[in-house]
Structure formats: structure tokens, C-alpha cells
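Comments concern the structure below.
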There are 2 protein chains.
Amino acid sequence: MPQPSTPRRALGRPPRISRQEVVEKARRIVDEEGVGRLTMRRLAAEIGSTPMALYHHVRDKEELLVLLLDDYAERTLRRPEPPAHPRERIVTAAAAIHEVLAACPWIVEVLAADDLMSRSALWFVEQIVDGLVACGLSPERAVHGYRAIWYYTAGEIVVRATAARRRADESRATYRERVFADLDPSELPRLAQVADRWAPLTAEDTYLDGLRALVDGLIATR
Amino acid sequence: MPQPSTPRRALGRPPRISRQEVVEKARRIVDEEGVGRLTMRRLAAEIGSTPMALYHHVRDKEELLVLLLDDYAERTLRRPEPPAHPRERIVTAAAAIHEVLAACPWIVEVLAADDLMSRSALWFVEQIVDGLVACGLSPERAVHGYRAIWYYTAGEIVVRATAARRRADESRATYRERVFADLDPSELPRLAQVADRWAPLTAEDTYLDGLRALVDGLIATR
DNA sequence: ACCTGAACACCGTTCAAGT
DNA sequence: ACCTGAACACCGTTCAAGT
């Protein structure tokens, strides 16, 4: 997936389309019409070529999506001035990744990515791992701590994005309401107590609160 | 999605297949061949009917998947004896949900579910919210705390399931390795330091550690 | 009310051939 | 080396008709 360091143009027919053009056009389709509209056939048509020509520049659709995420991260991730306090460095780096990812919901399809191993995201991972070490964790526990933060962040985005997609479909949104409507207060008293506030409460953006709690818990000496 | 409380059989042609049969056969296909093999056409063939007959019992494929998750949760979630200490009650309930979901990776396609609002999961949500209240949080903050735990849990499962899927494809697993191989130690010292231990470190199951850290952070009076 | 058949409007990818 | 055309083996869903 990383561009080969030597472009080494081999002999033979000169290429008419480039990997870069493929990614760029794919990005335009995704931005303008959503990731659901990105098909190899559609992309080929946009480029003015055939579906099979694409397979000379990306190995398959999954690689195309990963390239798209790399490209997006590279263009939008901006490194913040790292705060002096390591705890804040961790929070700031995680929040920066979260902000960028949350702004592009199509990401969910790719997020699957083991650890968001985009080159451009590595600096943020470094900030988090280093911040945890500076807080007294061993390098091993710091890596585990980074993973926990990544789980929390990826989960927030996946859950939120899907909830938003569901909400768009009016007829489906009522399921939760029905379940909450006939809750048995003697069996589930707490849920009954908050039942009518559930929707607004879960609509609030509490990513940062949860992140701070998690980071606090991770660095607390136990 | 909940069965109507009155079955009220209307007049007309008697049904040859039931919603329950549809879900059961779908479950068998998923268990034996994976969620990727579950198609409306395949399912209809298994039942000995036509694809369109299914649409009389489920509104579309997405509803079928949600029904499948409900069914799975109902059959496998077993309520643990709640520990006396509220902190442990939270951890135990979350771990129980996590254990069940982690054991069925196909869930990822559905996990999207806003809050896992399966009826059978509500008891676990109650345990978590109630435990947080018992630890001194307001009901509102307790709901937010539950959400954070759910983000963390869902994220862990999604990330792990996708990583496993990728690992199955040998040729793709090398990307991370390549990125780590030519890491610049002066720019990313911490990552360079743990680079060769990254794979085993991230393969470890640290769900419980992260969960405990998150819960600690959530209930810490600040 | 429930089910069927045929069709619509698509997919990603392989294969064999052309330049 | 790069691109094309045709085909393979599928999808989910709608529509009109049958019982």
C-alpha cells in the first residue's frame, strides 16, 4: 500500500491512469454521494475507463478504501501543539484523531483497520504512548493503554454513525421507544427512571468526558 | 420488531412459513457458514421457498440481522449473580455482554445497534447504570457512563473482529509490519522502541484491564 | 393474507485477448 | 505493461399476478 520508493517505470505501454487519479476520483464520489455509491464500475465510468483497468492500480476494493482513509488522514490531520502535561497530551492527541474521524462517517467501513496504521496517524499514536509512559506506565502497559483508547474512540464513532444512519430512517427509530415504553419499573428501576430522558441523554456528545475518565483510570497508580 | 402481543391470525391463506422459522434457518446458515453466506436467496432456498416470501415475515435484510442478534442474545446471555460491590457489578455486567458478543464475530455487522437494545440485554444495562448510581453518579452521568462503557466494548469487538479477518488474509498482514519496519526512531521514539513487540502486545486480551480503568475513571470523584 | 415468477438494477472479479 | 470486452456468479428488492 505504501507507494514504492522507486517509481521505476518499466517498459511497455505507458499508463493512462494513475493510482493517485483513482484515489482522487474515488474521494470525489465519496464526498459528494457517500461511500455507498462508490463502486468499481461507477469509479471506472467517472475516470472514463473500464472497471478492470482499476485493478492494475489497486488490488481490490478493500485496498482502495484503505488508500482513501490514508489520503483523508494525511490531508486533514493537523498536529496540535502538544501540551506540557502528559495527561493532556494523551487527551489532545486522541481528541484530534476522534475529531477528524467523526467528521467523515464513511470511515466506519474501513475503521476496522487494526490500529489506524496510516502513516500520518502514527505521530498521534506516539503522543499517546509517550504520554502514558511519562505518566509512569511501562512501555508494555502504555501500548495496552493506547489500545483501550483506540477501542473507545473507534467504538464511539461506529456506534454514533450507525445510530445516525438509523435515525434517518424514520420507521425504524421507534423500536427503542417501544422497548422503553413498556419497561417494567420493578424489574429495571433505573432504566424506567431515565426512560423518557434516554434519547436526549444519549444524543449528547460526551466523548471527551469518557476519554478523560478512561485516561484517568489508565494512569491511576493502583 | 417485538412480536405483537396478540398474534391475531387474520383471515386468508394460512402461512406456510413463520418469522420464527426464518430466524432459525438464518441462524443455522450463519453458524455453519458465516454471516457472509446469509443472503435472502440462499435463505429462501434453505427454507424451500422463494426470496420474496421472506419479505412477508421480515421487512428487509437489516431487520433480519437485528432479529438474529436478539435471538442470539436471548439464548446465550446468562445473568451472573451480581456482586455486592457496585464497582464489581458494573464490571461483571459489561464483561458478560462482552464475552457473549466476542464469541460471535458476525455480530459486527449489526453491532451498529444504537445501544444493543435487545430486551434480554436490558438487565445488564440496568446493572451498569444502577452500579454507577450506587457509586455516587447522578442518573444522567450514569447513563453517559454506560454509553462510554458500551463504546469501549463495541469498539474492542469491532477492531478485534476486523483484525482477525485481515490476519486470515496473509498477503495483507504485512502492511503494518512494513510501516513499523521503516519507522524513524528520532521522530517516533516510543513506537520504535516497542515496534518489534507490537504484534504480540496487541494480540493480548486486555479488555478487562481497560474496562476496569474506564470504570475507575468514571466513578472517581473529581 | 400469503406466496410465486419474472424482472430490475445492480455488484466485485476473472479470463482471454488486444495494443 | 497496460487496457478492453465479455462473461461469471452473484446481490436485494419491486411489481403483477396467482391462490
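Every chain is numbered from 1, with letters handed out A, B, ... down the list of sequences.
Here A/His57 does not reach the OP1 or OP2 of D/dC2: none of its side-chain N or O atoms lies under 4.0 Å away. For C/dC11, one of the phosphate oxygens OP1 or OP2 lies less than 4.0 angstrom from a side-chain nitrogen or oxygen of A/Thr39. Contact check, B/Ser49 against C/dT4: a side-chain N or O comes under 4.0 Å of OP1 or OP2.
Distance B/Arg42 CZ to D/dT13 C1': 20 Å, rounded to the nearest Å. Rounded to a whole Å, the CD1 atom of A/Ile29 is 11 Å from the P atom of C/dC11. For the pair A/Arg16 CZ and D/dC2 C1', the interatomic distance rounds to 9 Å; values are reported in whole Å. In this structure, A/Lys61 atom NZ and C/dC10 atom C1' are separated by 12 Å, rounded to whole Å. The CD atom of B/Glu63 sits 11 Å away from the P atom of D/dT13 (whole-angstrom rounding). In this entry the distance linking CG of A/Leu54 with P of D/dC3 reads 10 Å, nearest Å. Between the CZ atom of B/Arg19 and the C1' atom of C/dA1 there is a distance of 16 Å, given to the nearest Å. Protein atom OH of A/Tyr55 is 10 Å distant from nucleotide atom C1' of C/dT14, rounded to whole Å.
A salt bridge (charged side-chain N to carboxylate O under 4.0 Å, His left out) with B/Arg28 holds for exactly one of B/Glu33, B/Glu46, B/Glu21; it is B/Glu46.
Distances from the side chain of B/Met52 to the nucleotides D/dC3, D/dC15, C/dG12 place D/dC15 closest. Side chain of A/Pro15, nearest nucleotide from D/dC3, C/dT4, D/dT13: D/dC3. The side chain of A/Ala53 approaches D/dC3 more closely than any other nucleotide in the set C/dC3, D/dC3, D/dT13.
Using N1 to N3 plus N6-O4 or O6-N4 for Watson-Crick, or N1-O2 and O6-N3 for G-U wobble, each under 3.5 Å, C/dT4 pairs with D/dA16. Under the Watson-Crick or G-U wobble criterion, with both distances below 3.5 Å, D/dA9 has no partner in any strand shown.
Ring centroids of B/Tyr152 and B/Tyr207 are separated by less than 6.0 Å, placing the two rings close together.
Interatomic distance, CG of A/Leu64 versus CG of A/Leu69, reported as 11.5 Å (0.5 Å rounding).
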With side-chain hydrogen bond (donor to acceptor under 3.5 Å, both in side chains) as the criterion, how do A/Arg59 and A/Tyr55 come out once you've worked through the C-alpha distance, each side chain's angles and the decisive distance to 0.1 Å?
CA-CA 6 Å; A/Arg59 76 180 265 165; A/Tyr55 287 86; over 6 Å; no

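A salt bridge is defined here as a Lys NZ or Arg NE, NH1 or NH2 lying under 4.0 Å from an Asp or Glu carboxylate O, and B/Arg141 with A/Glu204 fails to meet this definition.
Distance check on atom P: C/dC10 versus D/dA9 gives 22 Å, rounded to whole Å.
Taking the nucleotide of DNA chain D with the nearest heavy atom to each of A/His56 and B/Arg41, the more 5' of the two is matched to A/His56.
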